[in-house]
Each structure stands twice: as C-alpha cells, then as structure tokens.
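First comes the structure, then the notes that go with it.
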Amino acid sequence: MSIAPKERDLELERIALVIRKLQERIADIEPSVGSLRDQVVDIRTHFWDDVTVNFSTEDDAVETYLSMKQQADLLSERERTHRHLSNQLKRMKRLVPSPYFGRIDFKEAGLPTEKVYIGVASFLEDDGETFLIYDWRTPIASLYYDYPPGPAEYDTPGGLVQGTMELKRQFVIRDGSLRFIFDTGVTIGDDLLQQVLSQGSDSQMKTIVATIQKEQNRIIRNDRSRMLIVQGAAGSGKTSAALQRVAYLLYKYRETLKADQMVLFSPNPMFNSYVSTVLPELGEENMQQTTFQEYLEHRLSRLFQLEDPFEQIEYLLTAEEEPGYVGRVSGIQYKASSAFLQVILNYKASLEREGMLFRNLRFRGRVLISKDRMKEQFYSYDSSIRLANRVILLQEWLRSELVALEAVERQADWVREEMDYLDTEQYQKAYNRARKRLKEQDPTFNDSVHEEEVLRKMIVQEQFKPLRIRIKQLRFVDAPALYGQLFERRELFEELAGPGGVPEHWDDVCSQTLERLSRKALAYEDATPYLYLQELVEGFRTNRIVRHVVIDEAQDFSAFQYEFIKRLFPRSRLTVLGDFNQAIFAHATSLVEDTPVARLFGEEETETIVLTRSYRSTLEIVEFTKAMLPGMQSIEPFQRTGGKPVVLIASSAEARIHRIVQDVQALQAEGMNSVAIICKTAAESQAAYEALMERLELRLITKDTATFERGIHVIPAYLAKGVEFDAVLLYDASDKTYRRENERKLFYTACTRAMHRLRLYAVGELSPFVRVVDPGLFVKEEIGRSIYA
C-alpha cells in the first residue's frame, strides 16, 4: 500500500531524529567505556600494589583478607559496569545503519494509540521510560508478526492485552537511508520478503527478524513445550527460526538463562561456521555448537577407531557391489531402531541376573584379581541394587583388595632390584618424598629404622598407580565384550529380541560387527548403542548445566541418539528441526506421528509444528523439486519468480566440463556470489575439482572443512544440507549416478540448495528422478541448441 508524501516525510524526519539520538548517546557513552576499560586493566596490573599482605597475627590475616576482598570487589564492579556499557554501545552501533524495520499503531481500550517501532534492540529516550525502538522480542512486538490491522492481542507477564491494530507499516532502511516503505494488511508484506529473498546468498546465515512469518513466530516464542518438533520443507526457514528462538529465550529469561547453557547439534563443522553470526547480530553471545560425532569422538576415540556418518554414507553410495553390502544396510537400519534400543534395555535387565564380563587385573605378567573373582563378588551383592550401583560397589571392593595386595607385594624380590637401580639423586628424592608423607601420617616415625620399608612402600605404590587408575576409570568392566556378546550368542539375542525376532541378514550383521570389534573399530551405527550400553552398566554421565538443546537435521538422528541426548541433558528442553524428505542416511527418523522423537517426552510435553511454505528457492525451482518426491503437494512456494531449472545433456564428459565453466562465469557476471557444483560423493567431488581447478577459481569442500565462504564450491550433496547458494550446478544428473530409490532424497536435497538458479548436467540418459518431472517445469538443452519440452 502506497504512503502519502506527507506521511513519508514524517517518517524520514523520525528516522533522522532516531539516528541522531543514537549517535549522540554513542558519543556520550564511548569515553566512559574507554575509561572503564583502562581502569579494569590498571586494577588488574596493580592489584597487589594496593593490597597489604601480612599473616603475622590473626588480626593481620583478617586485615589482609579484607584488603584483598575490597580490591577484588572494586575490580568486579568495574568489570560489570564496563561489560554493561560495552554491550549497550554495541547494540546502539548496530541500530545506526538500520534503526527499525516495522511499525504498528496499537490502541488498547481506554488508552491513546501507541506508535510502536520495532528493531533488533530496544532504544529509550533520555528519560529511560519512553521507547523510541522496541526490541523485536518484547511482548508487544509479537503483534507485528501475528496480526493484520484489526482486533489484536498479546500476552504480557501481567496478563492478556487486547485492542486494535490501526496500522502496520514496514521499512527497509540501509546505511541510514530509507529504501522502501509500505503499509500492509498481511503478516509480513510480500514486497518486503521479495526484497530480502532476492538478495544474494552470503557466507553466513542472515537474521530474519524483519521477515518472520506467523508460523515461524510460533516456533520462536514457544516456551511451554519440553520438546518442540519442527518438520519443515526445504527452505522453510526452520533453522533461521530456531536461532531467532534461541535469541528470544535468552532475552526473555536473561536473568536465569545464559548462552553457554544452550547447545546446538549441527550436521557438520562447516554448518557451525555458516550460522555463527546470527546470534551476535541479534546482540547475543553464541551458544555452544558441536556435532554428535564430536561427542562420540570425545567419549570413545581412546578405545576405538570410529567411523563418522560421512564415511558411512560414502559406503552406502559407492559399495553396492561389495560382498556384505545388504547385511551392512540391514544392520545400519536395525541398530538405529527402537527395536534395538529395547533389546539393549532388556540386555541390561538380563545382566542384573547374569552375564556380566570383567577384565583381569594384571600386574607384572600375572593376574592379581581375576575376572571370575570379580564376577563372583559382583553377583554376591543384593540383586535389588541397580546394575551401575553394583559396579561402584565392586570398584570399592577392588580398591580395598589392591591395598591389601600392595602390602604383600612390598616383600617381593623385584622391589629390592628396583631399589638397587635407583641412582643417588633418584634415591634421595624418592626417599625424602616418602619420608615426609609417612611423618605426616605418624609423627613417631623413625626413618633410620624403617628406611627400607619406606622405599619399598614408595616403589610398590608407584608401580600400582596404573592399576588404581584402571579401577577409578572402571576399566575392569569389559564393555567391548559385553557389546560383542549380543552378536556372539544367538540364543541370548533371540531371548532379548522377544516377539520382534531376529532381523534380516543377522548372521552378516553379527560377523561384520565382531570383525570390527576384534580390530578395535566401531561403525557409526554401533557407536551410540555401544556407548548407551556402557552408560547403562557404569552409570550415565549427565550435564545438568545445559538447559536447552537444539538439534538441526533431526531426521538424521536415530532413536538411540535421541534417548542418549535425553539422558545426557536431563534438565534440558529440546528443539528439533528437520525434513524427512531430506532423510539421506539409512538410519533416518521421521519427525511426525508416532516416532521415537515424538515419544521422547510424551504427548503432553511435546508440540509439533509443520512448515510447508518454502522461501529459499524461486517458484520455478520449488515446483521442479517438489515433483521429484511423492506427497509433496502441500509444499507452497513463495511467489518469487526466476528462470526455470535447466537440464543439459552433454555429448561427452569434456563437453560437460566446458559448459560448466561457461555457466559459472556467466552466473558470476550476473552477480551470483555463491555457486555450488554439487556432486554425489567425495570421490566425484575430487574428480570434478581436478577437472575444473585450472579453469575456475574454486574451493573443494570436504567433511573436514571448518568454514563456509562465498565463492565457487565443489561439494558432496550430503555436506550441502542446511546451506544455500545463489546457484546450484548438479555435476552429474545421469541415470548412471542417480538411479536407486534410496538416492532420490539425496538428489532432491542437492537441488533444493539453490536460491535463484538450478542447472543439472548429464552425459547419457537422465536420472529417473528428472524423467518423472513434468517436462514443462524445466528447460532441456543439448550443447548448441535449446529444446523447450
């Protein structure tokens, strides 16, 4: 809706006024921030100069303590004030180029109309009460996202506020200049969305506070559910909404919730780089970011060589003709299932009665405490005691046994030999250390009488140190053998599996699992079940500090991983985001209906939101990609048009390379800053990179790539998930490369990374995933001529 010239002039005056006030406040605060910073540095540098240290008498010690406390309190106060003013300064500087993006005029019954201007942070008049700008996270700002002009209401800590929205206005302000202004009757005007979505891709995900849609606002402001599940179509803004949700929660609960109490599990390290600027742009510190694989490495890499999910998918995509392939696929699917989770739980209950396995405690080539003796002791405890608690009781028993064995060992011949090998310096150092320790224990100790006894004790204690560490770390429990026992004893597994029975190809699954265990290796599908079993036996390690966990690409997490995360963070709420249509791993989980995710906290504590509108890609790209998968009719493209996807049939591999080079150069000339040449596998990516590297300046993305940058990227499809590009060139869309049904979602995922342009290349026959698409949805071209099919 157009704005009257007089009204536009008033808005221009207000923008100038607010920017001037921001600049004045910045100029006023900046010297104070600098001065406080200098004071903090000075106090830290000269901390002890102003502290009187004297412990001669009790009064002197008290005076010393008070002097130190006074200095520490002064430093703490200066640091706190500096931090507060510094954060305030950053917020104001962030507002100067674009003070606000929205305005609503809201009239509450019985009160005058209030003009509410909304930006990424609040800014008040000098009186400290009048808002020039409201933070987008304030309760009243929710009106902007949830209502058109007319009756409206919003929640506050004091209750529901009802009234009438008389105006909704949207602004695009860049570098202090008003670029666009319009009134709208819908949630967020399509005109503003068009402006934002038509911009190029960047090396970092952008904030979406100016264009949050009503359904995204439901995600952001939901603070009731223990588990919030977001099933969203590709490009529906689920990850963006989740990050704005984090910023909203940090704002609303700023007295009790901090950024380091929130964790994001992302699909790969590069994705962490891609989303790393969103929270800082909103004035918040970054939350903790990790991958589930990093946690597995932290816990298990000391014992095992671990496969990661990308090695697993490479195997699935390339090893179809290898022996044992079908068995491996069956094993991957079964080990990620709720059925196998139940087997592990049944196994734990079985181990409470029988079957625990331990390791001998060995010393100098002989067994000190045998695994059979440990087992006998373990099952001598009351059967009502939990398994993990019995392990702790056994640990205490082993410690006491070790003390007794140490005393006996001191008289062994090898101890005298060790004493003889000590040189003078070692001898004196060791003796003085042991003598001091024994003097502290017994003031009547006579070192001249007990010199040899002292040294014998010291030597044996030092030699027994690794045994004490093994006991402390519970390494007397044979966790690998316990896991292996599931695959060695078929009758045991059949009993534990119950009515579910033994899965298909179980013999292959068992032999493959045991072979890997024999060489201290764990497949990706085994890592979480193994760790879960180990925790059931030894006791779960929990993190009670983290209060909120966000899981992106949630369809790629198994039932085991969800259950494990629930136990790992017992005080945490969860937000999980995913798209089952992008479930490219064999262990994928659906997010809706009766699934392990939905059952994790029960129906009463779980809410599911489904996003069907796609904003990333143009109308033509969305229509093309949704035709590849069944049941995609509900996906609604945003009405932003562009060219149709282009399918190119090349006469040879060299012709394809030549055309890709031409197309990339043309796209760059068109202003496309981020171009992805997406391949199926790492091997294909390497080959494409080598073929193109002398003709284009490009970057090869691997699973170890830690940062995301603008430019031309060659990348496997499974690493491109969650990221978007101005243009996508699918390197090989032929039947030879993409033909199996389990590759359909990978193909779809690759195509949906494109924002503005999508091109698919093939040498030979096209993939069936393209052949099923209505020919009217794309342009088919052969080198040298164009055919509009």
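Because the structure is predicted, anything quoted here is derived from the model rather than measured. Atoms considered below: every heavy atom in the structure, side chains included; atoms not considered: hydrogens, waters and symmetry mates.
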Ignoring hydrogens and geometry, is there a side-chain-to-backbone donor-acceptor pair from T606 to G602 under 3.5 Å? yes
Using the side-chain contact (heavy atoms from CB on, under 4.5 Å) definition, which of the options V230, I551, V550, I565 pairs with V576? I551
Return the minimal non-hydrogen interatomic distance between M227 and L600, and the atom names on each side. CE-CD2, 3.6 Å
Minimum heavy-atom separation for R103 to F171, with atom names? CB-CE1, 3.7 Å
Donor-acceptor pair, R571 side chain versus V546 backbone, under 3.5 Å? no
Should Q88 and K93 count as side-chain neighbours, where that means a heavy-atom distance under 4.5 Å? no
Any donor-acceptor N or O pair under 3.5 Å, side chains T752, R616: no
Is the distance between the ring centroids of F624 and F778 under 6.0 Å? yes
Aromatic contact between Y154 and F106, with the criterion being ring centroids under 6.0 Å apart: yes or no? yes
Chi angles and distances behind the side-chain hydrogen bond (donor to acceptor under 3.5 Å, both in side chains) call for E670, Q668: CA-CA 5 Å; E670 199 179 333; Q668 288 181 307; over 6 Å; no
When the aromatic ring centroids of Y251 and Y248 are compared, is their separation below 6.0 Å? no
With distance as the sole test, does R753 use its side chain to make a donor-acceptor pair with the main-chain N or O of D726 at under 3.5 Å? no
Please determine if R137 and E284 form a salt bridge, counting it only when a charged side-chain N lies under 4.0 Å from a carboxylate O. yes
Charged N-O contact under 4.0 Å between D223 and K252: yes
Any chance you could lay out the side-chain contact (heavy atoms from CB on, under 4.5 Å) test for S142 and N217, step after step, and finish with the verdict? CA-CA 8 Å; S142 66; N217 201 39; 4.2 Å; yes
Cation over ring, R91 on F123, under 6.0 Å and within 45°? no
Report yes if the side chains of T256 and R547 come closer than 4.5 Å at any heavy-atom pair, otherwise no. no
